[in-house]
Structures are given as C-alpha cells and as structure tokens.
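Chain A is the first sequence line, chain B the second, and so forth, proteins listed ahead of strands; every chain is numbered from 1.
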Amino acid sequence: MWRGIDMDDQELYEIRLRKLDELRQRGIDPFGHRFEPTAHAGDILARAGDQTKEELEAMDWRVRIAGRMMIRRGHGKASFAVLQDVSGQIQIYAKVDVLGQDSYEVFQLLDLGDIIGVEGPVFRTNRGEITVLVERLTVLTKSLRPLPEKWHGLKDVEVRYRQRYLDLMVNPEIRETFIARSKIIQAIRRYLDDRGYLEVETPTLHTVASGGHARPFVTHHNALDMELHLRIALELHLKRLIVGGLERVYEIGRVYRNEGISTRHNPEFTMLELYEAYADFHDIMDLTEGMIRHAAEAVCGKLQIPYGEWTIDLERPFARRHMADLVQEATGIDFRAVESAEEAHALARQHGVAVKPGMGYGHVLNEFFEQKVEATLIQPTFVYGHPVEISPLARKNAEDPRFTDRFELFIVAREHGNAFTELNDPIDQRARFEQQALEKAGGNDEAMEVDEDFLTAIEYGMPPTGGLGVGVDRLVMLLTNQPSIRDVLLFPLMRERAED
RNA sequence: GAGCCAUUAGCUCAGUCGGUAGAGCACCUGACUUUUAAUCAGGGUGUCCCCGGUUCGAGUCCGGGAUGGCUCACCA
C-alpha cells in the first residue's frame with residue numbers, strides 16, 4: 001500500500017507527536033470539535049479591500065475564521081501566519097499581550113498544516129495587508145505530517161495524483177479546474193432541464209455490456225451467482241425509457257472500459273447521454289452546439305477559448321461536413337463512387353492507409369478519415385454520414401444506405417460527441433447486432449453484443465429519436481485547457497504501489 | 001504492449017572525470033511585538049527507487065526490475 005511521504009524517516013512525524021502530547025498536557029484537544037466560522041478569507045479580503053487602516057479600525061469588525069495554517073513568520077512575542085480556507089488565504093496576527101501567555105505558547109506549538117479557528121477584529125497592517133488579529137485561538141486539528149514546500153508547491157505528478165488532497169492544499173490553481181468541472185456539469189444540467197429533459201439513473205451493472213465498442217470489466221454477483229459487466233455506455237437503457245414514453249431523457253454517469261490508459265483515456269470516465277423523441281441528428285447538432293456554448297460561457301465567460309497552442313472559436317457556427325467529402329478533400333478520392341471493398345483496399349494501399357484484411361468498405365473509409373482527416377479538425381466540426389458498418393445503432397441514410405444519419409463532433413482533433421438518428425427498426429437492429437456478432441467471432445473484441453432485451457423493447461415501438469453521447473471529461477479538458485484527462489479527474493486510476 | 005525520459009533530504013532541486021552527497025524551503029535550538037519567499041546566529045535530518053554486475057572504490061558505468069511522465073499501439 002502507498003503510505004505517502006515521510007514514513008521511512010519518522011523524525012518529523014515524531015516531533016509533531018511530541019507537540020500533540022504537549023497540547024494534551026495543556027488540556028487542549030488536538031482533534032477538536034464543532035466550530036462556526038462567520039466568514040471566509042476571500043469574503044474578508046473582498047469586503048475590507050477598499051477600507052483604510054483607520055476606517056477598518058473604526059468599524060471594529062470582528063470575524064471568526066477557520067483554516068489550515070500554511071505559513072508562519074514568528075517575531076518573538078508576536079507572530080504572523082497565513083490561514084487557508086476554501087476561499088483562499090488570509091493573514092492572521094497573534095501577539096502575547098492580546099492572546100495571553102498560555103494561548104500564545106499554544107500558538108507557538110502549532111505546525112504548518114494544523115487546522116485552527118481564530119476570532120478577532122480585522123485590521124490593516126502598516127504594510128497594508130488585511131489581517132485578523134487573534135484574540136481567541138481554537139486548535140481544531142493537529143497535522144502529523146509535514147506540508148510540501150510553500151514556494152514551489154508540489155510538482156511530483158505521481159504524488160499529486162495519488163495524494164490529490166496535497167495537490168489541492170498547496171496548488172491553488174488545481175482547485176479552479178475542479179470548480180470549473182463542477183460548473184460545466186451544472187451548466188449542462190441547467191441547459192437540458194430548461195428544455196424539458198428528465199435526468200434519470202440507469203443500472204451500471206449489466207448482464208450484457210452493449211451500446212458501445214469496448215471491452216467491459218467483468219464482475220460477479222454472489223447471491224444470484226451471475227456474471228455481470230460494468231456498463232460501457234448508457235445508450236440502451238435510455239432508449240428503453242424513450243420506448244416507455246419519457247420523450248426527453250439524459251444521464252450523466254460513470255462508464256467503465258477495460259482498456260489502455262493515456263492522456264485521453266481513463267478506465268472509468270463520465271459520459272453524458274441524451275435522447276429526444278421525434279428529433280433527428282440535425283436537431284441534435286443544434287442542441288450540442290448550444291449546450292457546449294452554454295457550458296463555455298458559464299465557465300470561461302467567453303467563446304474564444306485557448307487550448308494548448310490554439311484558440312478555439314465556439315461562437316462561429318460549427319462546421320458540418322460529410323465524412324466522404326472530408327476524405328475527398330484530403331485525398332482526392334470520391335468514396336461515394338467506390339463500388340467494393342476490394343476497390344477500397346486497393347486505394348488504401350495506394351495512399352498508405354493502414355487497414356486490416358477483411359475490412360469492409362465502411363471500415364476502410366473510416367480508416368481514411370481517421371488517418372488522413374481527423375488530425376486536421378481543430379476548430380469545431382460536425383463530421384456526419386458515418387458508414388453503416390461502424391454504426392450499428394444508427395439509422396441508415398435515406399438516400400445512400402451505405403451511410404448513416406450519424407455525426408461526431410471534433411474539436412482540437414478529438415472526438416467531443418457522438419450522435420445519431422437512432423435506429424428504431426427492430427428488424428434492421430437485429431441484423432446489425434448479428435453483423436456485430438460476426439465481427440466479434442472474427443476477432444474484433446470490441447464488436448457489440450446482441451442485447452435481446454433491448455430488441456424486445458424496440459419491438460414495442462421506439463419513436464424516431466435523436467441521441468447524443470459526450471465524454472464529459474474531454475469537454476472539461478477542452479474548457480479548462482488541460483492537456484491530460486488525469487488533470488480533470490480528482491483521482492485518476494494509478495497502478496497499485498508494491499509493498500516494500 | 002513498444003520506444004524515449006525521469007526517480008538524490010519532508011518539498012523543490014544541484015551533484016563535474018567513478019573517489020564515499022549538497023543548496024533553498026521545511027524542521028530543530030536561540031534572538032526578535034506590524035512581518036510577508038520576514039530577518040539574524042547555530043544545527044544536515046539521506047535505503048541517492050530496488051536487485052545484481054564491473055571496479056580498489058558506484059548517486060555516477062552495465063544488466064534486470066518497480067513506479068511515473070510523454071509518444072505510439074490499443075481504444076470510436
């Protein structure tokens with residue numbers, strides 16, 4: 001088990017234990033009780049910001065604050081310290097002739113990292129710093145381990161991920177990212193709630209993990225002696241609710257995919273899926289565009305946002321391009337005129353596009369798209385018209401049944417959404433599942449499973465429906481300008497530390 | 001899964017040609033009643049990631065391993 005910093009060398013730990021004993025001997029509980037702050041550091045700084053030293057003095061404004069002691073500057077019979085709470089940091093000033101000899105000695109026993117409560121008037125020092133004078137000191141929690149360094153903070157990414165609380169404690173900008181994450185999800189909820197969507201929760205334990213292309217995690221229910229899969233998508237349960245007549249539903253929930261880890265992949269991640277009866281994928285494009293703008297405004301306050309080396313313009317209408325057109329622009333090949341898989345494979349050889357033997361027309365087109373086009377899609381682009389072979393849950397296009405009424409949204413060359421006019425023909429759906437089963441038998445681990453229960457549901461009749469899936473973590477990465485998914489997950493999955 | 005890189009004090013880092021480990025902060029002792037990366041005097045607190053090998057001698061060179069990062073593969 002990972003036991004964090006400072007276990008091999010116990011000296012700093014033992015020094016703090018001695019101070020803990022000293023507190024107890026003085027009748028002070030080092031792990032204190034309820035405390036009721038009257039203000040946060042940020043509020044005090046905001047309110048006192050305009051007041052002069054004299055005005056503050058005249059106000060006789062008393063506050064009670066609680067927080068972690070991050071910095072201390074002792075001056076003998078007086079001390080400055082910095083207290084940090086959720087809103088930020090504020091300086092406090094303790095001196096013996098205000099606090100009394102006993103309490104001042106207790107103050108001097110404190111370590112960086114201890115959590116204390118402080119009560120007294122707000123004043124401004126000669127150097128202009130808003131400060132709380134400590135008239136009463138309450139020890140709330142003794143900290144037994146040393147804090148990372150005050151000036152350089154905590155940089156070791158491994159410790160930052162494994163011990164995120166330390167990261168949050170000493171790297172204040174990290175907190176901003178997670179506040180932004182919360183705001184983004186809040187904005188999505190508000191956007192959908194305002195449009196008559198119902199938020200629902202569906203099972204994460206599935207007998208068949210379907211609705212997406214991914215290997216599942218497998219687990220077991222003892223009482224029922226039943227193999228279960230953690231869900232890889234929300235799709236099929238939400239569509240059952242459309243069958244049931246709920247008309248507009250969404251879920252924001254965790255899905256699990258038993259796959260590799262990268263800067264864009266974590267085995268568990270948060271997915272938004274929504275379904276709207278009587279809509280099609282054009283409606284869903286409009287909805288997606290509006291929703292992302294709404295979230296961006298909520299968290300960035302503007303629609304031209306930085307991401308890495310780029311500035312992404314979310315204000316201009318998102319481009320809407322057919323996959324075959326994009327491939328034609330990039331390579332000169334008109335895939336609509338390609339007649340057979342053999343012809344497609346020949347073109348792949350000519351153009352240096354890697355394909356696997358046995359791939360059909362649609363798979364090859366998709367490889368052309370992924371290898372020749374995807375990396376160029378920096379500004380928001382809806383790519384639509386995916387081949388039917390790679391889209392087993394999407395409705396076929398009425399004019400050209402090789403394609404589907406499906407789109408993916410690309411921004412910064414990454415997929416930020418996947419949507420389609422849902423396939424609601426149960427006979428076609430069964431055929432598509434069977435095609436997937438063939439692919440699976442042929443060695444494609446990620447091909448979709450047949451879900452009989454879902455087929456039964458849509459045999460009762462699912463209205464024409466538009467649906468969307470969005471990887472929330474990637475959207476948060478985009479809107480917070482973070483290069484790695486681990487920087488938008490509080491606790492990314494890490495390999496277990498070996499016992500030493 | 002493959003390649004490249006990293007791992008030295010609690011934290012952030014330096015460490016030359018292979019000669020027995022060092023700075024700042026933190027910490028400890030002392031001084032200091034408006035400081036603010038407080039200051040001043042003194043103190044180094046270490047499994048140099050682990051295991052082997054080469055060598056008179058390894059933080060340093062070689063091999064293997066662990067963990068992490070990046071890239072690729074995988075993955076819609």
* **Rounded distance in Å - CZ (A:Arg124) to P (B:U35)** => 14 Å
* Asked: Expressed as a whole number of Å, how far does the C1' atom of B:G18 sit from that of B:A58?
  -> 6 Å
* **Nucleic acid contacts - residues 125-137 of chain A versus RNA chain B, non-hydrogen atoms under 4.0 Å** => A:Thr125, A:Asn126, A:Arg127, A:Glu129
* Expressed in whole Å, how much space separates the P atoms belonging to B:U45 and B:A9? -> 14 Å
* Structure fact -> Applying the 3.5 Å cut-off to both distances, the Watson-Crick or G-U partner of B:C17 turns out to be none
* Taking only residues two or more places apart in sequence, or in another chain, which ones meet A:Glu149 in a side-chain hydrogen bond (donor to acceptor under 3.5 Å, both in side chains)? -> A:His152
* Structure fact -> When rounded to the nearest 0.5 Å, the distance separating CD1 of A:Ile28 from CG of A:Leu23 is 5.5 Å
* Asked: Mind checking the P distance from B:C11 to B:U47? Whole angstroms is fine.
  -> 12 Å
* Structure fact -> Separation of B:U34 atom P from A:Lys77 atom NZ, nearest Å, is 12 Å
Interface polar pairs with nucleotides 24-27 of chain B, N/O, under 3.5 angstrom:
residue	atom	partner	partner atom	Å
B:G24	N2	A:Glu149	OE2	3.4
B:A26	OP1	A:Lys150	NZ	3.2

* Could you point out which residue of A:Lys19, A:Arg72, A:Arg68, A:Lys142 forms a salt bridge (charged side-chain N to carboxylate O under 4.0 Å, His left out) with A:Asp114? => A:Lys142
* Just to confirm, is there a sub-4.0 Å distance from OP1 or OP2 of B:G69 to any side-chain nitrogen or oxygen of A:Thr263? -> no
* Does CZ in A:Arg26 sit with more than 12 non-hydrogen atoms of other residues, nucleotides or ligands closer than 6.0 Å? -> yes
* Under the side-chain hydrogen bond (donor to acceptor under 3.5 Å, both in side chains) test, residues paired with A:Asn258 that sit two or more places apart -> none
* **Rounded interatomic separation in angstrom, taking CG from A:Leu154 and C1' from B:U7** => 15 Å
* Asked: Whole-Å distance between B:C75 P and A:Met448 CE?
  -> 14 Å
* When you match A:Ala214 and A:Ser484 each to their closest nucleotide on RNA chain B, which lands nearer the 5' end? -> A:Ser484
* Indicate whether any N or O donor in one side chain lies under 3.5 Å from an N or O acceptor in the other, for A:Glu422 and A:Thr465. => no
* Nearest-angstrom distance from the residue atom NE2 of A:His75 to P of B:G30 -> 18 Å
* Heavy atom of residues 79-105 of chain A under 4.0 Å from RNA chain B: which residues? -> A:Phe80, A:Gln91, A:Tyr93, A:Lys95, A:Val96, A:Asp97
* Asked: Rounding to the closest angstrom, what is the interatomic distance between B:A73 and B:U8 at atom P?
  -> 32 Å
* **Short side-chain N/O contact from A:Arg73 to OP1 or OP2 of B:A38, under 4.0 Å** => yes
* Hey, is the side chain of A:Arg162 poking within less than 4.0 Å of OP1 or OP2 on B:G68, counting only N and O atoms? -> yes
* Asked: A:Ala66: what forms a side-chain contact (heavy atoms from CB on, under 4.5 Å) with it, not counting sequence neighbours?
  -> A:Phe35, A:Pro37, A:Leu140
* On a whole-Å scale, what distance lies between the C1' atoms belonging to B:C49 and B:C5? -> 15 Å
* Asked: To the nearest angstrom, how far is A:Leu56 atom CG from B:U34 atom C1'?
  -> 14 Å
* **P spacing across the pair B:A21 / B:G46, given as an integer number of angstrom** => 13 Å
